[in-house]
Novice: 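I have a structure here, written as structure tokens, and I will follow up with some questions on it.
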Amino acid sequence: MEKFLAMLSQNLGRTVNMTQEVTVLTLEIIQTLVFGTSRTFGANDFLRLVRQGNELSGRLHIGDYVPWLKWMDLSLPKLTIAKQGHGGESFLDVLLSLDNIAGLDTTATAIEWALIELLLHPQILAKAQKELDDVIPASSTMVSEADIPKLKYLGAIVKESLRKHPPPPLIVPRESTAECKLEEAGYMIPAKTQVLINLYAIGRDPNIWENPLEFIPERMSSEFNAAVELMTFGFGRRSCPGMNLGLTAIHLVLANRSTGQHRMVKRWTWVRGSGSRSCGLVHLHWFHFSASSQTY
Ligand code: HEM
């Protein structure tokens, strides 16, 4: 985190590719936890492989639905090449088997969308900064994990961002073991049916949320449990084991970025980059496993 903030300090006044930097930061946090060091694998190579694996996993693979048409899945050989290119049991294999790509990409995507919403809503950013000024002593250079529960408005920003931009829009498919009737909703799900749960639609359902496309952290109370109500981290036995780590990382990155008190003890102002690509950044979801933003 300190390295990330130092990098931002060095780039004051310049355009920073936050997608790249936030993903590297998340990678380093996860590597540190998993391997005890953040220097295990080259970030650029790793990111390339993650993006490729991620993009391929989000594509339609006809062989998943009609097995004898598997030969039509032209993208699958590319994934194999990505894995073989790193020789045998590569780091990517390990990550794919652990499903850790879910941890990296989802956390980075969640941070990125929250940053975009703050960038688009300066009044919300100012309110979050005021809360940080009020709650965190001026002598603290970094917001710590213990401070997170005190930062109620920041918590509401995170929940609202997860509602509007659930990192995986569709969670892992389920199969019904028995016939199931959802009487109020008027559905009957036969046994052995694959069920896809659409978090994106739940978070934006106008029957549940007033002005669902608006970003309004004030609508999120402290009691509102996004993990349960929005199913952001899935549910049941196979729900996300990285939930607490992911939530902590999102809060810490946003809090430390908003205060900007790291070493330089000053507040940063954030504006959209003026580069030809970065100025077009808004509200485009790029659907892979995670729905990240895309410049145009
Ligand atoms: C904002 C951050 C994150 C979000 C939104 C998220 C979301 C999810 C979701 C929706 C699932 C599927 C759960 C289900 O189908 O019920 C999942 C699974 C998983 N996540 Fe996360 N995740 C995040 C962070 C992390 C982190 C930091 C890690 C680990 C370092 C992680 C590791 C995993 C693993 C291993 C699974 C597969 C669990 C299984 O199949 O039993 N996730 N995540």
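Atoms within a ligand are numbered from 1 in the order they appear, just like the ligands themselves.
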Novice: Just to be sure I'm reading this right: ignoring hydrogens, which of Met231, Arg237, Arg238 gets closest to atom 13 (C) of ligand 1? Compare them by their nearest heavy atoms.
Specialist: Arg238

Novice: Please identify which atoms of ligand 1 are closer than 4.0 Å to at least one heavy atom of Phe235.
Specialist: 16 (O)

Novice: Looking at every non-hydrogen atom in both residues, tell me the closest pair between Thr232 and Pro168 and how far apart they are.
Specialist: O-CD, 4.5 Å

Novice: Between Arg219 and Glu160, is the closest basic N to carboxylate O distance under 4.0 Å?
Specialist: yes

Novice: Closer than 3.5 angstrom, by distance alone: can the side chain of Thr193 be matched with the main-chain N or O of Ser176 as a donor-acceptor pair?
Specialist: no

Novice: Hey, is Lys150 close enough to Asp147 for a salt bridge, meaning N to O under 4.0 Å?
Specialist: yes

Novice: Sequence neighbours left out, what passes ring-ring contact (aromatic ring centres under 6.0 Å, His included) with Tyr153? Give chain and number order.
Specialist: none

Novice: Any atom of ligand 1 sitting under 4.0 Å from a heavy atom of Ser239?
Specialist: yes

Novice: Give the atoms of ligand 1, by number and element, whose distance to some non-hydrogen atom of Val172 is under 4.0 Å.
Specialist: 12 (C), 15 (O)

Novice: Among Thr107, Val158, Thr106, Leu247, which one puts a heavy atom closest to atom 27 (C) of ligand 1?
Specialist: Thr107

Novice: Using a heavy-atom cut-off of under 4.0 Å, does the side chain or the backbone of Ile171 touch ligand 1, or both, or neither?
Specialist: side chain

Novice: For ligand 1, which atoms sit closer than 4.0 Å to a heavy atom of Thr232?
Specialist: 5 (C), 7 (C), 10 (C)

Novice: Under 4.0 Å from any heavy atom of Ile250, which atoms of ligand 1 are there?
Specialist: 1 (C)

Novice: Would you mind running through ligand 1 and noting each atom that sits below 4.0 Å from a heavy atom of Gly234?
Specialist: 10 (C), 13 (C), 14 (C), 16 (O)

Novice: Look at the side chain of Lys164 and the backbone N and O of Glu214, then say whether any donor-acceptor pair between them is shorter than 3.5 Å.
Specialist: no

Novice: Who pairs with Asn244 by side chain to side chain contact (heavy atoms under 4.5 Å, CB included), at least two apart in sequence or on another chain?
Specialist: none

Novice: Taking 4.0 angstrom as the limit and counting only heavy atoms of Arg174, give me the atoms of ligand 1 inside it, by number and element.
Specialist: 14 (C), 15 (O), 16 (O)

